[in-house]
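A short worksheet on the structure shown next.
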Amino acid sequence: MGWYDTHARDLPWRVGPTARKNGALPDPYGVWLSEVMLQQTTVAAVRDYFLRFTTLWPTVGDLAAAEDAAVMGEWAGLGYYARARNLLKCARVVAGEFGGRFPDTEDGLRDLPGIGPYTAAAIASIAFDRPAVVMDGNVERVMARLFAVQTPLPAAKPELKTLAARLTPADRPGCHAQAVMDLGATICTPRNPACGICPVMTACAARKAGIAADLPTKAPKKAKPTRHGIAYLVQRVDGAWLLETRPDKGLLGGMLGWPGSDWTEGAPTDAPPVAADWRDPGLEVRHTFTHFHLSLSLRLACVGLDTVPQRGEFHDLATFRPANLPTVMRKAFDLAKGAMPATSAPH
DNA sequence: AAGCCGGGGCG
DNA sequence: CGCCCAGGCTT
């Protein structure tokens, strides 16, 4: 048992290289669960969630039988909540249609909800030792450096996959896939790669050329436009806040938020959700989404108990949880609450 | 093909 | 605190 086995012991879903050499393979359920959790998420963030899930639901059948709300609740804090919904869908297909056994091929896995090209290849490789070419951000970076590929991402993806395929062995491909990803996660890191302790430093073209830290190159990011909007935060005299549930589709779909104007690149159109004596406290929330910056101007008002809003619903102070708001809406709340007149709790 | 979806880590 | 990270689904 070497240091790499010790490392594997810190990953509860992992069967270490020595055990794998002796023919052991991990439970496909644990591989699938961990790989879905690891999509866009670090090992450190996933560990406790994985242990909690496998304790509550030791098999895919147990997970399939769980209540939706229980699974979503356990996922809270991990982010990208569509993953949790697809996780449950996938568990129910595997338990209901495949007798609790995951497909053992890349194509079969790819057809399941929440399993895309990366995850299908990862499960086929790690759980079934199939020679799938596993491509994630780590592998792309390792290949770009090892072979000094200068083509910017994402155009370089096919080339990087060809290089990775050439390195994928017929003998224990699952071990190989995990090793390359581990290398990318621990040594061949995006910034400050630890080339001095890299096990493949003598083979690395980028290291030889002194450009490892500059690869992979990436296409310049499109400049984000700034959109402007107005959010209306109104509190009833009993402390209740007026909120609305956003439409299921689109930005922040299905999430709770403050009523507001459209978010436009020009000046926003005033759109108060209720007739009131609106104040402009000069507060502005700045938030950046994937494709635009947002400058959100706040308007505040207090209204009487008999107020009937044109949009949204009042949420009692006793049950309102700012933590249930998406970040941009919580920022607006945090700014506004300091500018609202003190309200007494309902009695 | 492009937009959307969170949270963590680093400089 | 701002910037970077990057897999899958939807339209």
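First the proteins, then the strands, lettered A, B, ... as listed; each starts at 1. Hydrogens, waters and symmetry mates are skipped; everything else that's a heavy atom, side chains included, is used.
A:Thr41 comes within 4.0 angstrom of a nucleotide base, judged by non-hydrogen atoms across all strands. Using a 4.0 Å heavy-atom cutoff across all strands shown, A:Tyr80 reaches at least one base atom of the nucleic acid. A:Leu38 comes within 4.0 angstrom of no nucleic acid atom, judged by non-hydrogen atoms across all strands. A:Arg85 comes within contact range of no nucleotide atom at all, as no heavy-atom separation falls under 4.0 Å.
Remark: A:Tyr81 is in phosphate contact with B:dG7, judged by side-chain N or O atoms under 4.0 Å from OP1 or OP2. In terms of phosphate contacts, A:Thr42 brings no side-chain nitrogen or oxygen within less than 4.0 Å of OP1 or OP2 of C:dC5. For the pair A:Arg191 and C:dC5, the criterion of a side-chain N or O lying under 4.0 Å from OP1 or OP2 is not met. The phosphate of B:dG11 (OP1 or OP2) has a side-chain N or O of A:Asn192 nearer than 4.0 angstrom.
For A:Lys157 and B:dA1, the NZ to P distance is 13 Å, given to the nearest whole Å. The CG atom of A:Asp136 sits 10 Å away from the P atom of C:dG8 (whole-angstrom rounding). Between A:Leu109 atom CG and C:dG8 atom P there is a gap of 12 Å when expressed in whole angstrom units. Atoms CE (A:Met37) and P (B:dG8) sit 14 Å apart, rounded to a whole Å. Put simply, CZ on A:Arg141 is 10 Å from P on C:dG7, counting in whole angstrom units. Rounded to an integer number of Å, the gap from A:Leu215 CG to C:dC5 P is 13 Å. When rounded to the nearest whole Å, the span between CG of A:Leu33 and P of C:dG7 equals 18 Å. In this structure, CZ of A:Arg330 is placed 13 Å from P of B:dG6, rounded to the nearest angstrom.
When the nearest nucleotides of DNA chain B are assigned to A:Arg83 and A:Ala44 by heavy-atom distance, the more 5′-ward of the two goes with A:Arg83.
Judged by distance alone with a 3.5 Å cut-off, no donor-acceptor contact links the side chain of A:Gln39 to the base of C:dG8.
Ring centroids of A:Trp241 and A:Phe314 are separated by 6.0 Å or more, keeping the two rings apart.
Here the separation of B:dG11 from C:dA6, taken at their P atoms, is 15 Å to the nearest Å. Rounded to whole Å, the separation between the C1' atoms of C:dC9 and B:dG8 comes to 23 Å.
Nearest to the side-chain atoms of A:Lys218 among the listed nucleotides B:dG6, B:dG9, C:dC5 stands C:dC5. Checking C:dC5, B:dG8, C:dG7 against the side-chain heavy atoms of A:Pro190 singles out C:dC5 as nearest. Nearest nucleotide to the side chain of A:Tyr118, out of C:dC9, C:dG7, B:dG6: C:dG7.
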>> Test ring-ring contact (aromatic ring centres under 6.0 Å, His included) on A:Trp75 and A:Tyr49; report intermediate values, then the result.
In response: CA-CA 7 Å; A:Trp75 196 276; A:Tyr49 284 87; 7.3 Å; no
>> Evaluate A:Phe102 against A:Trp32 for ring-ring contact (aromatic ring centres under 6.0 Å, His included), listing each step before the verdict.
In response: CA-CA 9 Å; A:Phe102 280 85; A:Trp32 162 72; 5.1 Å; yes
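The two atoms that bring A:Pro193 and A:Arg145 nearest to each other are CB-NH1, 3.6 Å, heavy atoms only.
Enclosure of atom CZ in A:Arg52 is not indicated, since only 12 or fewer non-hydrogen atoms of other residues, nucleotides or ligands lie within 6.0 angstrom.
A perpendicular orientation is assigned to the rings of A:Phe53 and A:Trp57, their planes being inclined by more than 60° (bins at 30° and 60°).
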